[in-house]
Trainee: 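Quick one: this structure, given as structure tokens, is what I'll be asking you about.
Per chain, numbering begins at 1; letters A, B, ... match sequence-line order.
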Amino acid sequence: MEEKNTKGHFIQSIIEDDIKKNKNNGNVTTRFPPEPNGYLHIGHAKSMCLNFNMAEKYNGKCNLRFDDSNPAKEEQKYIDSIVSNVNWLGFDYKEKPLFASDYFDKLYEYAVQLIKIEKAYVCSLSADQTREYRGTLKEPGKNSPYRERSIEENLDLFKKMKQGDFNEGEHVLRAKIDMSSPNINLRDPVIYRILKMAHPRTGNKWNIYPMYDFTHCLSDSIETITHSLCTLEFEDHRPLYDWILNELGTESHPQQIEFARMNINFTVLSKRKLKQLVDKEYVNGWDDPRMPTLEGLRRRGFTPESIKNFCNTIGISKKQSRIDYGLLENSLRNDLNEKAPRRMGVLNPLLIEIENYPEGKTEELDAQNHPQNPEMGTRKVIFSKTIYIEKEDFMEEPPKKFFRLTPDQEVRLRFAYFISLKEIIKDESTGEIIKLICTYDPATRGGNAPDNRKVKGTLHWVSAEENIEADVNLYDRLFIDEDPEYGVEDFTENVNPDSLKILTGCKLEKSLCNAEPGKAYQFERLGYFCLDPKLIPNTSNNKKPVFNRAVTLRDTWAKVVEQKQQEKRKKEKALIKQKAKENQKKAP
RNA sequence: UGGGGCGUCGUCAAGUGGUUAAGACACAGGGUUUUGAUCCCUGGAUUCAGAGGUUCGACUCCUCUCGCCCCAGCCA
């Protein structure tokens with residue numbers, strides 16, 4: 001059969017062309033190269049999906065390689081977290097994780113080789129001087145006075161750098177390219193610097209560490225990577241990547257291809273900014289469920305499938321883009337709609353007493369765990385004389401199209417009975433509704449009326465006599481503007497002050513007492529929730545379980561309400577304006 | 001003209017000289033439903049940043065203009 005519709009993005013086209021031309025003997029090898037200086041976020045997931053998918057699709061492999069050439073910033077804890085994230089997402093890097101630091105010896109030899117062919121030299125300019133000599137974007141730089149040192153002197157100096165004979169900053173090794181290049185990366189870039197600090201993996205073995213540009217291309221080459229996929233900001237580095245491999249004449253010369261990094265509205269995706277949110281305590285750590293980090297998303301209730309699906313949906317291109325946050329939510333809903341067992345929980349409880357239900361009686365009613373998938377089975381829910389429903393599911397003076405409980409509107413309690421209102425009990429001093437007295441129709445057990453009478457609304461509910469009490473965290477977008485940088489000097493000014501709402505005293509159906517941490521359940525009509533893995537009752541100070549809402553259900557009624565509110569606000573604003581005008585007229 | 005890149009529906013994104021300009025999400029309308037969920041239909045770019053040009057024919061080729069992003073770490 002013809003395979004016509006498999007043409008994907010531009011990188012895939014390049015790879016397919018290469019295979020056709022039998023470049024690299026038709027092999028495809030990619031790599032995912034994180035620097036262990038922070039936690040992974042959803043943007044990294046995009047890169048992983050790209051690299052691992054391409055490898056898998058063309059029967060190649062994808063290495064997990066840590067780009068750990070700067071011990072000043074890197075830590076073992078990040079390595080551990082990253083490995084765990086990659087495993088969680090289910091990506092297969094075949095062997096073990098690889099490390100650029102494993103190649104430090106080879107890299108050193110390559111540097112020596114560059115010196116020997118007079119393509120590298122030890123420069124003894126200070127950092128400040130180096131900057132001055134570099135020139136600017138529009139003006140060329142000038143040659144370092146150390147540029148013409150002899151091979152012997154360079155070799156000797158470089159060896160001494162390695163031995164630790166010099167202090168940090170005294171010398172660097174530079175590639176000898178072109179100080180007048182319009183591409184600043186080619187103006188004799190530093191390729192080795194003295195750093196007298198322990199490395200998480202090589203300990204105190206080295207006093208010098210290679211820079212990214214030198215490390216990356218050679219690591220790729222050592223691993224015989226065929227396609228080295230990276231983000232757009234490295235486009236300007238590609239000439240350097242190629243220069244190094246060409247000068248060294250490496251057998252393997254991978255092709256660097258750049259694609260646009262991911263942006264999502266209402267959030268930030270840069271390690272630096274995420275760190276600020278953590279450090280300034282806008283969130284509670286890197287794994288706060290509001291964070292777009294993989295740790296955060298996981299704790300929030302995102303599944304690996306939903307994340308991978310999202311990444312595969314948004315595509316690959318070279319265009320700066322800002323993806324709608326709703327798309328991420330949607331991919332979660334799609335996944336969880338199929339997988340998540342249904343449960344009932346009342347977030348803002350309103351007590352109901354069923355007048356004609358026998359005192360002390362309880363019943364176990366059957367409830368489906370999934371409306372479309374009978375294989376997921378049923379469970380028992382306890383019904384009793386007093387129950388809770390959601391406060392928002394009752395209105396004394398309802399607007400049009402309000403399908404829930406009202407003084408003259410019967411409703412169905414899901415899997416249970418039809419009930420109608422008898423009396424509203426209010427607090428005399430505040431006027432607040434404290435209880436509803438209702439009657440039920442015993443003939444409607446299970447939710448079906450024998451006389452076929454219809455009700456417009458079906459409400460979720462929980463027995464007031466047997467339930468579990470929990471705290472529930474509701475999360476909203478982290479920023480108030482879709483562009484966190486919009487209209488402010490510092491993006492933290494746009495942090496949404498209501499991004500976390502903690503609800504206490506929520507009532508959940510009893511079966512949720514064996515909820516698995518991190519596993520998502522759909523609380524019917526409310527959204528998908530999971531037991532916070534960090535706050536499991538009896539394993540920490542918390543006595544009550546804490547559930548996180550991963551995402552709401554799509555809610556067309558909420559949309560209608562919101563639209564009405566907005567219209568109302570507009571009208572009010574218009575009224576205020578009109579009055580102001582009238583006052584102005586009166587004034588003179 | 002310092003260099004490098006990018007501009008196709010509200011948001012992503014296919015399209016590589018002849019297509020009715022895919023698809024997803026969002027949006028609007030309708031149907032099913034014991035979740036106002038899910039599911040199922042239906043609708044929408046006379047137009048591809050703009051202006052010229054080449055061509056029988058251009059989103060696709062050429063020219064110019066406009067707009068946006070990245071680069072002056074001994075970070076990656």
Trainee: By the 4.0 Å heavy-atom rule, please label A:Ser69 as base, sugar-phosphate, or nothing.
Mentor: sugar-phosphate

Trainee: Check side-chain contact (heavy atoms from CB on, under 4.5 Å) between A:Ala449 and all other residues, then give those that pass, not counting sequence neighbours.
Mentor: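 With neighbours one apart ignored, the set is A:Phe418, A:Thr444, A:Asp451, A:Arg453.
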
Trainee: Categorize A:Leu186 for me: base, sugar-phosphate, or nothing, with a 4.0 angstrom heavy-atom threshold over every strand shown.
Mentor: nothing

Trainee: With sugar-phosphate meaning primed atoms plus P, OP1 and OP2, does A:Arg554 contact a base, only sugar-phosphate, or nothing at under 4.0 Å between heavy atoms?
Mentor: sugar-phosphate

Trainee: For B:C6 and B:U46, measure between their P atoms and round to the nearest Å.
Mentor: 26 Å

Trainee: In whole Å, measure the gap between the C1' atoms of B:U8 and B:C56 for me.
Mentor: 25 Å

Trainee: Does A:Thr556 have a side-chain nitrogen or oxygen under 4.0 Å from the phosphate oxygens OP1 or OP2 of B:A37?
Mentor: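 Checking A:Thr556 against B:A37: at least one side-chain N or O falls below 4.0 Å of OP1 or OP2.
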
Trainee: If you look at every strand shown and take non-hydrogen atoms under 4.0 Å, does A:Arg412 touch a base, only sugar-phosphate, or nothing?
Mentor: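 Here A:Arg412 touches the bases of the nucleic acid.
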
Trainee: If you take atom types as modelled and just measure distance, does the side chain of A:Arg404 reach the base of B:G36 with a donor-acceptor pair under 3.5 Å?
Mentor: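 Flag set: donor-acceptor pair detected.
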
Trainee: Looking at A:Asp165 and A:Lys160, is any side-chain nitrogen of the basic one under 4.0 Å from a carboxylate oxygen of the acidic one?
Mentor: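 No.
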
Trainee: Which of these nucleotides, B:A37, B:G73, B:A28, is closest to any side-chain atom of A:Arg134?
Mentor: B:G73

Trainee: What does B:U11 pair with, Watson-Crick or G-U, if both distances are under 3.5 Å?
Mentor: B:A24

Trainee: Counting side-chain heavy atoms from C-beta on, which of B:C75, B:A72, B:U35 comes nearest to A:Thr458?
Mentor: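 The answer is B:U35.
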
Trainee: In whole angstrom, give the distance that lies between atom CD of A:Gln320 and atom P of B:U11.
Mentor: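 About 15 Å, once rounded to whole Å.
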
Trainee: Ignoring hydrogens and angles, answer whether the base of B:G36 and the side-chain atoms of A:Asp555 contain a donor-acceptor pair closer than 3.5 Å.
Mentor: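 Flag unset: no donor-acceptor pair detected.
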
Trainee: Please determine if A:Glu329 and A:Arg477 form a salt bridge, counting it only when a charged side-chain N lies under 4.0 Å from a carboxylate O.
Mentor: yes

Trainee: If you only use heavy atoms from C-beta on, which nucleotide in B:C75, B:G36, B:C6 is closest to the side chain of A:Trp557?
Mentor: B:G36

Trainee: Would you kindly check whether a donor in the side chain of A:Gln522 faces an acceptor in the base of B:U35, or vice versa, at under 3.5 angstrom?
Mentor: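 Checked by distance alone, the answer is yes.
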
Trainee: Do any side-chain atoms of residues 315-327 of chain A form donor-acceptor pairs under 3.5 angstrom with protein atoms, and if so which ones, sequence neighbours left out?
Mentor:
| from | atom 1 | to | atom 2 | distance (Å) |
| --- | --- | --- | --- | --- |
| A:Ser317 | OG | A:Lys319 | N | 3.2 |
| A:Lys318 | NZ | A:Glu235 | OE2 | 2.7 |
| A:Asp324 | OD1 | A:Gly326 | N | 2.9 |

Trainee: Classify the side-chain pair A:Glu258/A:Gln256 by whether it contains a donor and acceptor separated by less than 3.5 Å.
Mentor: yes

Trainee: Is the A:Tyr121-A:Tyr146 ring centre distance short of 6.0 angstrom?
Mentor: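 When the ring centroids of A:Tyr121 and A:Tyr146 are compared, they turn out to be at least 6.0 Å apart.
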
Trainee: Between B:U20 and B:C59, how far apart are the C1' atoms? Round to whole Å, please.
Mentor: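 Looking at atom C1' only, B:C59 and B:U20 are 16 Å apart.
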
Trainee: When the C1' atoms of B:U38 and B:A45 are compared, how many Å lie between them, rounded to an integer?
Mentor: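 Going atom to atom, C1' in each nucleotide, I get 30 Å.
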
Trainee: What's the closest nucleotide to the side chain of A:His9 if the choices are B:G2, B:A14, B:G73?
Mentor: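 Of all the options, the side chain of A:His9 is nearest to B:A14.
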
Trainee: State the pairing partner of B:C61; accept Watson-Crick or G-U wobble contacts with both distances under 3.5 Å, and report none otherwise.
Mentor: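 Base partner found: B:G53.
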
Trainee: What's A:His237 touching, base or sugar-phosphate or nothing? Going by heavy atoms closer than 4.0 Å.
Mentor: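 Base contact - A:His237 has a heavy atom under 4.0 Å of at least one base atom.
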
Trainee: Under 4.0 Å: is that the gap between some side-chain N or O of A:Arg272 and OP1 or OP2 of B:A76?
Mentor: no

Trainee: Among B:U8, B:C25, B:G3, which nucleotide has an atom closest to any side-chain atom of A:Asn183?
Mentor: B:G3

Trainee: For B:A45, which nucleotide is its Watson-Crick or G-U wobble mate, given both distances must be under 3.5 Å?
Mentor: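 Pair assignment: B:A45 / none.
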
Trainee: Using a cut-off of 4.0 Å on non-hydrogen atoms, how would the nucleic acid contact of A:Phe402 be classed: base, sugar-phosphate, or nothing?
Mentor: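 The answer is base, as A:Phe402 lies within the cut-off (heavy atoms under 4.0 Å) of a base atom.
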
Trainee: Does A:Arg187 reach a base, just sugar-phosphate, or nothing at all? Heavy atoms under 4.0 Å.
Mentor: nothing

Trainee: At under 4.0 Å between heavy atoms, what does A:Leu459 touch on the DNA or RNA strands: base, sugar-phosphate, or nothing?
Mentor: nothing

Trainee: If you measure from the P atom in B:A21 to the same atom in B:G44, how many Å do you get, rounded?
Mentor: 13 Å

Trainee: Would you say A:Lys319 places a side-chain N or O within less than 4.0 Å of OP1 or OP2 belonging to B:U8?
Mentor: yes

Trainee: Closest to the A:Met211 side chain: B:C6, B:A72, B:A76?
Mentor: B:A76

Trainee: Among B:G2, B:A76, B:A72, find the nucleotide with the atom closest to the side chain of A:Asp67.
Mentor: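 The answer is B:A76, which lies nearest to the side chain.
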
Trainee: Does any part of the side chain of A:Pro71, heavy atoms only, come nearer than 4.5 Å to the side chain of A:Leu195, both counted from C-beta?
Mentor: yes

Trainee: Side chain of A:Phe234, heavy atoms from C-beta onward: which of B:A76, B:A24, B:A28 has the nearest atom to it?
Mentor: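 When the side chain of A:Phe234 is considered, B:A76 is the closest of B:A76, B:A24, B:A28.
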
Trainee: Consider the side chain of A:Asp236, meaning its heavy atoms from C-beta on, and name the nucleotide among B:A76, B:G3, B:U35 that approaches it most closely.
Mentor: B:G3

Trainee: Ignoring hydrogens and geometry beyond distance, is the side chain of A:Arg333 in donor-acceptor contact with the base of B:U38 at under 3.5 Å?
Mentor: no

Trainee: Look at the side-chain N and O atoms of A:Arg193 and state whether any lies under 4.0 Å from the OP1 or OP2 oxygen of B:C75.
Mentor: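 Checking B:C75 against A:Arg193, a side-chain N or O does come within under 4.0 Å of OP1 or OP2.
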
Trainee: OP1, OP2 of B:A26 versus side-chain N and O of A:Asn330: anything below 4.0 Å?
Mentor: yes

Trainee: Is the base of B:G73 syn or anti, where syn means the angle lies within 90° of 0?
Mentor: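 Because its glycosidic torsion lies within 90° of 0, B:G73 adopts the syn conformation.
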
Trainee: Side-chain contact test, heavy atoms from C-beta onward, threshold under 4.5 Å: evaluate it for A:Thr552 versus A:Arg333 and give yes or no.
Mentor: yes

Trainee: Base, sugar-phosphate, or nothing: which does A:Lys559 touch, judged by heavy atoms less than 4.0 Å apart?
Mentor: sugar-phosphate

Trainee: Applying the Watson-Crick and G-U wobble criteria at under 3.5 Å, what pairs with B:A72? Answer none if nothing qualifies.
Mentor: none

Trainee: Using 4.0 Å as the upper bound for N to carboxylate O, is an ion pair formed by A:Lys339 and A:Glu305?
Mentor: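 Between A:Lys339 and A:Glu305 there is a salt bridge, with a charged N closer than 4.0 Å to a carboxylate O.
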
Trainee: Regarding A:Ile314, tell me which of base, sugar-phosphate or nothing describes its non-hydrogen contacts under 4.0 Å with the strands shown.
Mentor: sugar-phosphate

Trainee: Choosing from B:G3, B:U16, B:G36, which nucleotide comes nearest the side chain of A:Ser13?
Mentor: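 Among B:G3, B:U16, B:G36, the one nearest the side chain of A:Ser13 is B:U16.
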
Trainee: Check this one for me: any side-chain N or O of A:Arg322 less than 4.0 Å away from OP1 or OP2 of B:C68?
Mentor: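 No, A:Arg322 has no side-chain N/O under 4.0 Å of OP1/OP2 on B:C68.
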
Trainee: Looking at every strand, decide which applies to A:Asn448 at a 4.0 Å heavy-atom threshold: base, sugar-phosphate, or nothing.
Mentor: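 Contact class for A:Asn448: base.
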
Trainee: With respect to the phosphate group of B:C74, does any side-chain polar atom (N or O) of A:Thr130 fall under 4.0 Å of OP1 or OP2?
Mentor: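 No, outside the criterion.
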
Trainee: Using a cut-off of 4.0 Å on non-hydrogen atoms, how would the nucleic acid contact of A:Ser317 be classed: base, sugar-phosphate, or nothing?
Mentor: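 It contacts sugar-phosphate atoms only.
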
Trainee: For RNA chain B, whose closest nucleotide is more 5', that of A:Lys456 or that of A:Glu139?
Mentor: A:Glu139

Trainee: For A:Pro33, answer base if it contacts any base atom (sugar-phosphate contacts may also be present), sugar-phosphate if it contacts only those atoms, and nothing otherwise; contact means non-hydrogen atoms under 4.0 Å.
Mentor: nothing

Trainee: Select base, sugar-phosphate, or nothing to describe what A:Gln372 touches, counting heavy atoms under 4.0 Å on all strands.
Mentor: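 Since a base atom lies under 4.0 Å of A:Gln372, the category is base.
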
Trainee: Do A:Glu74 side-chain and B:A76 base share a donor-acceptor contact under 3.5 Å?
Mentor: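 Looking at the base of B:A76, it does not pair with any donor or acceptor on the side chain of A:Glu74 (distance under 3.5 Å).
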
Trainee: Under 6.0 Å between ring centres: does that hold for A:Phe302 and A:Phe310?
Mentor: no

